[in-house]
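Comments concern the structure below.
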Amino acid sequence: MKRMLLKRLLQLLLMAWSIGTLTFVLVRSLPGDMAYRIAAERYGDDAITNAAADAVRAELGLQLPAWQHYLNWLGELLQGNLGNSLVSGDPVIDSLQHQLGFTLALVLGGLLVSLLLALPIGLLAGWQRDRLADHVSLLLSTLIRAQPVFSVGLLLIFLLALNIHWLPVAGFGELKQLILPTLTLGISMAAVSSRIIRNSTASVISSPYYQFARIKGLSRWQTFCHHGGRNIAVPVVAYLGIQTVMLIEGVIMIESLFAWPGIGHALSHAIFARDVPMIQGSALLMGVLFVLINTAVDGLCLWLDPRGQAT
Amino acid sequence: MKSPLIEVADLSIQSAGQTITEALSLTLQAGVPLTILGETGSGKSLLAQAIMGLLPDGLSCQGSIRIDGQLLGTSERQSLWGTRMTLLPQEPWHALDPTMRAAQQVVEVHRLVNRHSAARSRQLGQQQLTALGLQPASQQLPSQLSGGMAQRLAFAAATAAGATIILADEPTKGLDASRRDQLVRLLQQHIEQSSSDNPRGLLTITHDIEVARQLGGQIMVMKAGQLLESGPAEQLLVNPRSSYTRALIDAHPANWPVEQSRPTGLAAEADKTPLLQLRQASLRRSDKWLFQQLDLTLAAGEIIGLCGDSGSGKSSLADVLLELLPLNSGQLSWSASVPRQQRLKLYQDPPASFAEQLPLGQLLDDVIRLHRLNASRLPAMLESLALDPSLLQRPSSEVSGGELQRIALLRALLLQPRLLIADEPTSRLDPISARDVTLLMVRTLRRYQCASVLISHDEEQLRHSCDRVLKLANGTLCTLA
Amino acid sequence: MKRFYQALSASQWLGAIILLLLLLFALLEAALGSADPARQALSQRLLPPSGEYWLGTDQFGRSNLARLAQAVRLSLLLALLSVTTAALFGVVLGVLAGWRGGWIDRLLDMLVTTVLALPGLVLILLFAAIVPGSFVLLYIGIAVTLWVEYFRLVRAITRQRVHSPQLQSSAMLGFGYGYLFRRHIWPYLAGQVLTLMAFGGGASVLAMAATGFVYVGLKPPTAELGLMIVELFPFYAEAPWVLAQPMIALFLLVLGCNLLATRKP
C-alpha cells in the first residue's frame, strides 16, 4: 500500500517535471513578435509600444538566461503558481477550476456508460465463448476499435442528432447535452473493456478451481458468486489502469468535437493560441487526473486481490 | 449383499470418432481401495473424469455407470458431487481459488452446501483444518501453501460436504517421498473408516507404483487406453503377468540393479586428490540462509548423489559449484584450472535446454564447430547412448524426454567435461525411461571419468547409482549410509 | 507456398491485403494522378463524383482523390517512420536493460516511468506545440510515446530468456553473445515485436489524425485525415459523401493494422 502510494507520488513528480520542461521549451521557442501580439491582444492594437511588449517579455521571464529561467519556471510550478493566461490575462487556475467540473462530468458519465455496456456484453461473450454472442461482440468491438473516438462521435451525431433529432449536436449546460459525449466515450472504451471482461470470464470459468468448486458441491450460481466475481474482476480492474490513457485521450478529442468546455478543450485551444501558461496548466491538470485515477485503480486492485496485500 | 459403490461396464471414451480408451469395466467395493496404475497419457485420468461426469468438451463416453447400484446419467452424477462422490485434483494449487484464504475454501462448503449457520460452518471448517494439521495456515492464500498442504486442504474441501466415494487423480504428483507417504496415509484413514452403514470408497489413479503398493486393495494396470491386467495388490505386484507391469516394478529404484561402484575408500582418497573443494560456503536467498559454513569435496571422477526436499537449496548449491551463483561468503577452489566448457549441467526439463525449432543435429554441429571438435566420434557416441542417428534431424519438440536427455548428455560429453551436474534429470520422465536414462548416464559418466553431482528428491534412486549420497537439510550436508 | 500462406491467420491476411490496397492506391495516384491536391477551383465546390473528379471535390473545389491519396501517403509514411524508430530503440535498449541489468536498467526504467507518467496524446500534443504544423515533431512525439511499449516487452522477455536453461547451457558451452542472442532470445522476441509494430502502426495513424482533428497537428492546406474531417464537418448536410471519405480511409488504415496485429489462436 505504502509502496504503491510512493510510486504514484513519484509518477506525479515526474509528470509535473516533464510538463514543466516541455512547456519551458515552448516558451523559449515562442517567436520574437509574440510579445507584441500578446500586448496587442491585451491592450488593443493602438496601445502597442515597445514598453508594453517588454513588460510581457518580463512577465514570461524571456529576458533571463535560459538556465535561470528554467529553474524559476520549475520553482513556480512546484509552488502551484501557474501564472496568467497570455490571451485573457486572467489567472490560469481560475479557468481550470471552471473547466474541471465539465471534464469530471464527462469522465464519470463515460465510465458509467462503458460499465453498463461492457459488463453484460463481456460476461455473455465469455460464457458463450466461440459461439454467436462471442463472434458478434468481437466483430462490433473490432469495428469500433478501428476508429478514432471522434469518428465514433461523428457517427453518433449523424445517427441520433441529425437524422432522428433526439439530441442536441453540441453545447453544454443541460443534462441532455451530456448524453452524446458520454455515450461516445463510453462506447469507445466498452469496445476494448468488453473483450477484457470476456477473456477474463472465459478463463475463469474454464479454470480448474472453478470446476473444483462445483465438485465440492456448490451449485452453478453459488460457484459464480463466490469464485467467479472476484477472480473475473481482478484482471479487468488491473486493465482499467491501462485504459485510463484511453479515457484521457478520448476526453481531449470528445471535448473538441462537441465544443465541451472542459480541460481537454482548453488544452487544444491553448496550443492553437500558443498560450503557454494555459497549456501548462491544462496539461498538468490532465496529468493529475491521470495519476489520481490510476491510484484509485491500484487501491481497488489491492482491495480485490488479497495476493497483493501480502507483499 | 450390498451393491458396489461404483460399477462401470464397457466404458469407452471417444474423441471425434477416435477411441481413446477401450471398453473397460470396473467395480469399486466399499472398504477396498482400487488403484489404476499406468503411465501419463494412458487415458486413466479421462476414466475418472468420465465417472464423475466432467469429460472435457469434444470427448464422449459410452457404456454404463452405476453409483450405489443406480444407473445414472451425466447430470445425475453431477448432482452427487460433493455430497456422495468427489474428485481429488491432480494439481491442488490450481484447484484452489487463488484469491480465497485457506479456511474459507472449506468453510463455504459447510455454509452453502450443508446449509449450516455461519458460526457453525466456521467451527466445522476449523475442526477439519485442525485434524489435518492445517490450522496455522488457515488464513493463508493457496500460493503461500506447500504442495503437501495444498493437497490436504483440497482433500478437506472436497470431502466437506460429506462425500465418501473419493476419486483421486494423481494425488501425489510433484510431492516428495515424505509428503507422498503422508497423503497416502490420509487416504488410507479415509477407507479404514468404512462400515456397513457408512460405506466408503477410494479409486486412485497414479503412475507411482509405491502409492499402489502402500494403498493395497485391488490394482488395474493400464497402458495406451487398454487394460493390461488386474488383481489384488499383493499378488499382482509380486507376480505380474504382463511385461509392462514387470517393467514398472523393475523401474522402482528399490529394484534397480546394484551398480558396480568404484572401490570403497574413495571418499578418503578424495581428501588427498580433490578436484574441487567448497569451504565455509554460505548462500542467502532474499532474507533466508539456504546454507551456512558448508564444506564439500569432490574427487576427480567421483559421482555424488545430492538429495533433499524441494526448497532445501540443492539446485542453488549446484549452481554455486558451476559458478552460476556467487557465494555470500566462503570459497570454491579447483585443484587444476578447468575451462568453462568442461563444467556443465543437465537440466530438469529436457526440451528447455535446447533452442526450439532447430534440428538437434545443427545444435550439436554448432558446438563441434565452435570448439573445432572431431565430428567422427558422433556415430559411436550415439550408439553407446542407444540413440538413433535420425533423431538429430528433428527439433527438440519432436523427440521424447528420455531421448532428449540422452542427447543433452551427449552434447556435454563432446567437450570431455571434468564436472557435470545433473539437476533432477529424470524427474519429468516416466518411471521406466527414468530408470534407463539414470543407469545409462551413470555408466557413461564412469567411463568418461567425469566427476558428477546427481540431484534428485528420491534418495533410493541415488543410493542405487552413486558412489556416495549426501542430503541437504536445514542448511547442512550429511552423508547417508 | 502453403507454408507461406499459413504464416498468417485469415484475419491477418485480411489486414495485410487492406493495407496493401491502400498503399497501392496512394502510390498509383501519385504516379498517375493528374490533379494537384492544393489547386483550388471555387466554382467547383463539393461536386459529387464524376468522370473528371472520381471522388468529387471539397469545399474549395480541390480534387478529393488527390487529397485523399496524399493524406494516406502521409499517414503511412508517419506510421512507418515512428514504428521503425520506436521498435529499433525499444528492442536495442530493452535487450541491453534486460541482459545487463544494473544501473543501465535503472536509468532506462526511470525514463520509461517519466514517459508513462503522461497519457500518450498529451505528450504528443505538447511536442506538436513546440513547432506548430511540423511533421518532424509529430513524428518525434509519437515515436517517444511508442518506444516504451517495445522496451518493456523486450526487457521482460530478455530477462526471462537470460535465465532460461537453454541460454544458460549454451553460455556454459562457450558460445558468445551474438550466438546466444540469435538462437535463444531473438526467436522469442520476433513474433511479439512484429505484433506490437502492427498495433503501433494503427496507434500512430490515430495519433496524427487526433492532433489534426483538434487543430494542433499539421496545418492547412496539407491533406491530413484528421484535419480533413474537421474541415469538412461543417458540410456534412451538403456533401456527406465528402466527409465520409477521410473517415473511411482512417477506418481502413487502422482496421488493417489491428487485423494484422491479431495473434494466431
Partner chain A: residue of L243(C), V254(C), V115(C) with the largest heavy-atom pair count (under 4.5 Å): V254(C)

Using non-hydrogen atoms and a 4.5 Å limit, figure out which bit of L253(C) sits close to chain A: side chain, backbone, both or neither. neither

Against chain A, label L252(C) side chain, backbone, both or neither, depending on which of its atoms sit under 4.5 Å from a heavy atom there. neither

Note: vs chain A, highest number of non-hydrogen pairs under 4.5 angstrom among V122(C), V205(C), V216(C) is V216(C)

V291(A) to A117(C) - nearest heavy-atom pair and separation: CG2-O, 4.5 Å

Working to the nearest 0.5 angstrom, can you tell me the gap between L14(A) CG and L111(C) CG? 10.0 Å

Considering all heavy atoms of both residues, which atom of G120(C) and which atom of V245(A) are nearest to each other, and what is their separation? N-CG1, 4.0 Å

Between A16(A), P148(A), A283(A), G264(A), which shows the greatest number of heavy-atom pairs under 4.5 Å with chain C? P148(A)

Given side chains that start at C-beta, do those of L121(C) and I248(A) come closer than 4.5 Å, heavy atoms only? no

Nearest heavy atoms of L118(C) and S18(A), plus distance in Å: CD1-OG, 3.9 Å

Are any non-hydrogen side-chain atoms of F213(C) and L257(A) less than 4.5 angstrom apart? yes

Do P132(C) and R274(A) have side chains that approach each other closer than 4.5 Å (heavy atoms only, starting at C-beta)? yes

Need one label for L247(A): side chain, backbone, both or neither, based on atoms under 4.5 Å from any heavy atom in chain C. neither

Do K7(A) and T113(C) have side chains that get closer than 4.5 Å, going by heavy atoms? no

Determine yes or no for a side-chain-to-main-chain donor-acceptor pair under 3.5 angstrom, with R145(A) supplying the side chain and L255(C) the backbone. no

Could you state the interatomic distance from CD (Q11(A)) to OG1 (T114(C)), rounded to the nearest 0.5 Å? 10.0 Å

Measure I271(A) against the heavy atoms of chain C and call it side chain, backbone, both or neither at under 4.5 Å. both

Might you confirm whether atom CZ of R159(C) has over 12 heavy atoms from other residues, nucleotides or ligands at distances under 6.0 Å? no

Under 4.5 Å from a heavy atom of chain C, the part of F290(A) involved: side chain

More than 12 heavy atoms from other groups under 6.0 Å of CZ on F89(C): no

Which atoms of L206(C) are under 4.5 Å from chain A, going by heavy atoms: the side chain, the backbone, both sets, or neither? side chain

Distance from L123(C) atom CG to E249(A) atom CD, nearest 0.5 Å? 10.5 Å

Tell me which of these, L154(A), V27(A), L267(A), has more heavy-atom pairs under 4.5 Å with chain C than the rest. L154(A)

Separation of F272(A) CZ from K219(C) NZ (nearest 0.5 Å): 5.5 Å

Part of S151(A) lying under 4.5 Å from any heavy atom of chain C: both

Comparing L125(C), L259(C), T211(C), V131(C) against chain A, the one with the most heavy-atom pairs below 4.5 Å turns out to be L125(C)

For I229(C), is it the side chain, the backbone, both, or neither that has a heavy atom closer than 4.5 Å to a heavy atom of chain A? side chain

Minimum heavy-atom separation for F251(C) and L143(A), please, with both atom names. CE1-O, 3.4 Å

Walk me through whether N258(C) and T142(A) qualify under side-chain contact (heavy atoms from CB on, under 4.5 Å). CA-CA 8 Å; N258(C) 285 358; T142(A) 310; 5.7 Å; no

Could you tell me whether R152(C) atom CZ has more than 12 heavy atoms of other residues or ligands within 6.0 Å of it? no

Could you tell me which portion of I252(A) (side chain, backbone, both or neither) has an atom closer than 4.5 angstrom to a non-hydrogen atom of chain C? both

